[in-house]
Amino acid sequence: MEIEKLSVQLKGFSGQVLDKIPDRSKPLNINVSHKARVEKVEGTKTYLYHLSTDVAPEPRALFTCQVNQVIQVDFVQDLAIQEAKNVSYDLCSQAANLLSFLIGTMTKELIDTPIIIPPSLNLEAFEII
């Protein structure tokens with residue numbers, strides 16, 4: 001399958017500082033999970049991948065963030081919805097660099113410390129809904 005055009009758009013970001021301070025005697029484990037919903041634009045060869053990412057320490061303490069992005073992919077040839085879903089992880093990974101930058105910037109504002117996540121999606125926590 002060949003891609004004609006791919007674009008990534010930020011659709012929303014929300015963050016919250018929590019009152020609960022994590023136990024500093026234990027390492028801070030940052031939980032990152034992703035959900036993607038695939039939608040075909042009627043009458044076109046275009047698919048929209050709605051990517052929602054949640055970021056928070058585990059157990060929930062200090063802060064939470066949610067980032068919503070849309071990855072628009074124009075394919076050269078028409079695809080069945082299942083074919084588009086099969087490549088969801090690879091296509092949504094195109095948003096990972098922006099995601100890493102956004103989370104680092106926003107956690108710096110929220111808790112005065114940038115939390116840098118790898119510029120890749122967590123395959124184990126990637127779900128197609």
Do the side chains of [Y] and [X] get nearer than 4.5 Å, heavy atoms only?
X: D54; Y: V32; value: no
X: N29; Y: P57; value: no
X: E39; Y: R37; value: yes
X: Q69; Y: L99; value: yes
X: T53; Y: S33; value: no

For this session: I would like to know whether I129 and E127 meet side-chain contact (heavy atoms from CB on, under 4.5 Å); could you show each step before the answer?
Result: CA-CA 6 Å; I129 54 173; E127 177 186 357; 3.6 Å; yes
Give the minimum heavy-atom separation between [X] and [Y], together with the two atoms involved.
X: T107; Y: I115; value: OG1-N, 2.7 Å
X: V17; Y: L110; value: CG2-O, 3.3 Å
X: Y47; Y: L79; value: OH-O, 2.6 Å
X: L51; Y: C92; value: CD2-O, 4.1 Å
X: C65; Y: F13; value: SG-CZ, 3.7 Å

Is it true that [X] and [Y] fall in one hydrophobic cluster, defined by side-chain heavy atoms closer than 4.5 Å?
X: V87; Y: L6; result: yes
X: V55; Y: I111; result: yes
X: L123; Y: V67; result: yes
X: V73; Y: V76; result: no

Exercise. Aromatic rings F126 and H34: how do their planes relate, parallel, tilted or perpendicular, breaks at 30° and 60°?
Worked result: tilted
For this session: For N122, enumerate each residue passing the side chain to side chain donor-acceptor pair (under 3.5 Å) test, keeping only those at least two apart in sequence or located in another chain.
Result: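 N122: no side chain to side chain donor-acceptor pair (under 3.5 Å) contacts found.
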For this session: Check side chain to side chain donor-acceptor pair (under 3.5 Å) between N68 and all other residues, then give those that pass, not counting sequence neighbours.
Result: S52
Exercise. Quick one: ring-ring contact (aromatic ring centres under 6.0 Å, His included) pairs with a partner in residues 100-124, sequence neighbours left out?
Worked result: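 Sorted pair list comes back empty.
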For this session: Dump the intermediate steps for side-chain contact (heavy atoms from CB on, under 4.5 Å) on F75 and T46, then the final yes or no.
Result: CA-CA 6 Å; F75 290 97; T46 300; over 6 Å; no
For this session: Mind jotting down which residue pairs meet the salt bridge (Lys or Arg N to Asp or Glu O under 4.0 Å) criterion with at least one end in residues 111-125? Sequence neighbours excluded, please.
Result: K108-D112
Exercise. Other than L48, which residues form its hydrophobic cluster under the rule that side-chain heavy atoms must be closer than 4.5 Å?
Worked result: V41, V70
Exercise. Got a donor-acceptor contact below 3.5 angstrom from the Y49 side chain to the Y89 backbone?
Worked result: no
Exercise. Do side-chain atoms of S100 reach the backbone of I117 as a donor and acceptor pair under 3.5 angstrom?
Worked result: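 Side chain of S100 to backbone of I117: a pair is present.
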Seminar exercise, completed: Output for pair (Q72 CD, H50 NE2), nearest 0.5 Å, gives 10.0 Å
Seminar exercise, completed: Value for NZ (K35) from CD (Q66), rounded to nearest 0.5 Å, stands at 9.0 Å
Problem set entry | Derivation and outcome, side-chain contact (heavy atoms from CB on, under 4.5 Å), residues L91 and I3 | CA-CA 10 Å; L91 293 173; I3 295 173; 3.4 Å; yes
Exercise. How would you list all residue pairs meeting side chain to side chain donor-acceptor pair (under 3.5 Å) that involve residues 75-87, not counting sequence neighbours?
Worked result: K40-D78, Q82-N86
